[in-house]
Amino acid sequence: MRVLVVGGAGYIGSHMVKMLLANDHQVITLDNLSSGHRDAVLGGTFVEGDLADVAFLNKVFTEHQPEAVMHFASFIQVGESVRKPDIYYRNNVTNTLNLLDTMLKFEVRKFIFSSTAAVFGEPDYVPIDEAHPNRPLNPYGRSKWMIEQVLADYDKAFGFKSVCLRYFNAAGADPEGQLGERHDPETHLIPLILQAASGRREHIQVFGRDYDTPDGTCIRDYIHIVDLCAAHLAALTYLKNGGDSDRFNLGNGAGFSVQAVIDAVQQISGKHVQVIDGPRREGDPARLVADATRARHILGWAPVFTDLETIVAHAWQWEQKQVGH
Ligand code: UFG
C-alpha cells in the first residue's frame, strides 16, 4: 500500500518506516523535524512540513495519494502537558483534526493512531484490558483519548476506519543498529539508565522506592519497538482486509520494575550505574501492565522480543553508537 507516515522521523515512526519498506509498502514520511531526525528516515519519500498547514496537507495528499495513514506525530511528555496544555491540545488534537479532515476530503479512510496507556489513568486493575475505564489524568492522556473518541464518531458518520494502538512503554532499538531513541530532552527510563552506563550522564534517579510492589519501585510494561511496529503492520493488513475500527492495548503483558531495568542495564553493559534515590514523580501509578490478548486474537499479533535483556541489549547497542564506540 501507499502509506503516509506522519512523524516518521521520530523514534517509533522511523522504525515503522523501515519495517514498511522491508515489507514492500510505498512510504511517504511527513515530519516537521521539531523533534525527529531527517537521517532516521531510511527510505521512501520525505516531505517536511507541519500538520497545522492545511494547504501543505492538501498538496501532500494530491501529490502522493496515500491509501492509509499512520500518525506518530505528537507531543509526549506528561509533565510538560500539565504546564503547557495549550500546545498539547493544539498539536495533538487540532493538528490531528487537520489530518483527519484532509483524509476525509481525499477519501482516505484507513488510519492507524498512536495512542497511549495514559488514556486509562490510575488503573483499577492490572493487566489493563480494553474494557478498563478511561480516566486520563493529564492533558497528554486526555488529548489522545479525545482523538480516540473523535475517531469513533468519524466512523459512525463517515465510515472512517481506524485502529487505535495504546502503547505501554515503547523501548529498545532496531536490532540491526540503524535506529534508536534520540529524544532531547530524554525523559524515558531505559535510555536515561543507558546514558548513565555509557558516561553521557552522571547518574540515574529512581523516582520513589516506596510503592506497593515487590522491590518498592514502579512496574512498567516495556514493549520492544520492533514488536510495536509489527502490531501496526498487522493493523494495516487488518484495515486493508475490511476490518472494523477498533482499539488495542499493546504491551508484553510482563511488567518490570525500575530496579529490574537498572540491574539489566548493568548486566548487559558490564558498567556500573550510579543510582540516586529520589521522591515519587507526580502522577506515576505503581503498576502499568497491558493485557494485549485482544491484539493477539484480532490482529494475529505476537510480540517476539519479550525479555528485558533483549530490549536492553538492542538499546545499549544504539547507545554505544551515540557515544562513538
Ligand atoms: N523513572 C525513574 N527515573 C527517571 C525516569 C523514569 O525512576 O529518571 C521511572 C518512572 O517513575 C516510571 C518508569 O521509570 O516508573 C518509566 O518512566 P518513563 O518516563 O520512561 O515512562 P512512563 O511510564 O512514565 O511513560 C510512558 C510513556 C508516556 C505515556 C505513559 C503512559 O513514555 O508517553 O507511559 O502512562 F504517557
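Every number for a ligand or one of its atoms is a count from 1 in the order of the listing.
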Query raised in the report: Do you know which of I223, T116, L228 makes side-chain contact (heavy atoms from CB on, under 4.5 Å) with Y167?
Result: L228
Query raised in the report: What protein heavy atom is closest to atom 25 (O) of ligand 1, reported as residue, atom name and distance in Å?
Result: N169 ND2, 4.0 Å
Query raised in the report: What do you reckon, is CG of D86 surrounded by more than 12 foreign heavy atoms closer than 6.0 Å?
Result: yes
Query raised in the report: Using a heavy-atom cut-off of under 4.0 Å, does the side chain or the backbone of F256 touch ligand 1, or both, or neither?
Result: neither
Query raised in the report: N/O to N/O below 3.5 Å, does that happen between T116 and ligand 1?
Result: no
Report summary line: Near L288 (heavy-atom distance under 4.0 Å), the atoms of ligand 1 are 35 (O)
Query raised in the report: With a 4.0 Å heavy-atom cut-off (strictly under), which part of I204 contacts ligand 1: side chain, backbone, both or neither?
Result: side chain
Query raised in the report: Is a side-chain N or O of N169 found less than 3.5 angstrom from the main chain of R220, in a donor-acceptor match?
Result: no
**Report entry** Heavy-atom donor-acceptor pair, H132 side chain to P123 backbone, under 3.5 Å
**Finding:** no
Query raised in the report: Got a donor-acceptor contact below 3.5 angstrom from the T306 side chain to the P303 backbone?
Result: no
**Report entry** N/O donor-acceptor pair under 3.5 Å between R2 side chain and Q65 backbone
**Finding:** yes
Query raised in the report: Should the proximity of V78 to ligand 1, defined as any heavy atom under 4.0 Å, be assigned to the side chain, the backbone, both, or neither?
Result: side chain
Query raised in the report: How far is atom 9 (C) of ligand 1 from its nearest protein heavy atom, and which residue and atom name does that atom have?
Result: V258 CG2, 3.8 Å
Report task. Starting from atom 36 (F) of ligand 1, find the nearest protein heavy-atom neighbour and note its residue, name and distance. Result -> Y140 CE2, 2.9 Å
**Report entry** Within 45° cone and under 6.0 Å: R280 NZ/CZ vs Y211 ring
**Finding:** yes
Query raised in the report: At what distance is the nearest protein heavy atom to atom 7 (O) of ligand 1, and which residue and atom is it?
Result: F207 N, 2.9 Å
Query raised in the report: Of the backbone atoms (N, CA, C, O) and the side-chain heavy atoms from C-beta on, which set of Q205 has a member under 4.0 Å from an atom of ligand 1: side chain, backbone, both, or neither?
Result: backbone
Query raised in the report: Looking at atom 11 (O) of ligand 1, what's its closest protein heavy atom, distance included?
Result: D284 OD2, 2.6 Å
Query raised in the report: Between V261 and ligand 1, which part of the residue brings a heavy atom under 4.0 Å of the ligand: side chain, backbone, both or neither?
Result: neither
Query raised in the report: When you measure from the side chain of S114 to the backbone N and O of H71, does any donor-acceptor pair fall under 3.5 Å?
Result: yes
**Report entry** Contact check: L192 vs ligand 1, nitrogen or oxygen atoms, below 3.5 angstrom
**Finding:** no
Query raised in the report: Hey, is H188 touching ligand 1 through its side chain, its backbone, both or neither, going by heavy atoms under 4.0 Å?
Result: both
Report task. Answer side chain, backbone, both or neither: which part of L189 comes under 4.0 Å from ligand 1, heavy atoms only. Result -> both
Query raised in the report: Between R166 and E148, is there a salt bridge with N-O shorter than 4.0 Å?
Result: yes
Query raised in the report: Between E186 and R201, does at least one N-O distance fall below 4.0 Å, as a salt bridge requires?
Result: no
Report summary line: Within 4.0 Å of some non-hydrogen atom of I76, the atoms of ligand 1 are 33 (O)
Report task. Without swapping roles, check the side chain of D291 against the backbone of I128 for a donor-acceptor pair under 3.5 Å. Result -> no
Requested in this report: Using a strict cut-off of less than 4.0 Å between a Lys/Arg side-chain nitrogen and an Asp/Glu carboxylate oxygen, indicate whether D246 and K161 qualify as a salt bridge.
Outcome: no
Query raised in the report: Is there a nitrogen or oxygen of Y222 sitting under 3.5 Å from a nitrogen or oxygen of ligand 1?
Result: no
Query raised in the report: Out of R220, Q77, E186, whose heavy atom is nearest to atom 23 (O) of ligand 1?
Result: R220
Report summary line: for atom 31 (C) of ligand 1, nearest protein heavy atom and its distance come out as A118 N, 3.5 Å
Query - Backbone N/O of Q274 and side chain of H203: donor-acceptor pair under 3.5 Å - result: no
Requested in this report: Provide the number and element of each atom of ligand 1 under 4.0 Å from a heavy atom of T187.
Outcome: 5 (C), 19 (O)
Query raised in the report: Any N or O of C218 that comes nearer than 3.5 Å to an N or O of ligand 1?
Result: no
Report task. Using a strict 4.0 Å cut-off to heavy atoms of V206, name the atoms of ligand 1 that fall inside it. Result -> 7 (O)
Query raised in the report: What part of Y167, side chain, backbone, both or neither, has a heavy atom within less than 4.0 angstrom of ligand 1?
Result: neither
Query raised in the report: Strictly by modelled atom types, are Q322 and R182 linked by a side-chain donor-acceptor pair under 3.5 Å?
Result: no
Report summary line: atom 17 (O) of ligand 1 sits nearest the protein heavy atom R281 NH2, 3.5 Å
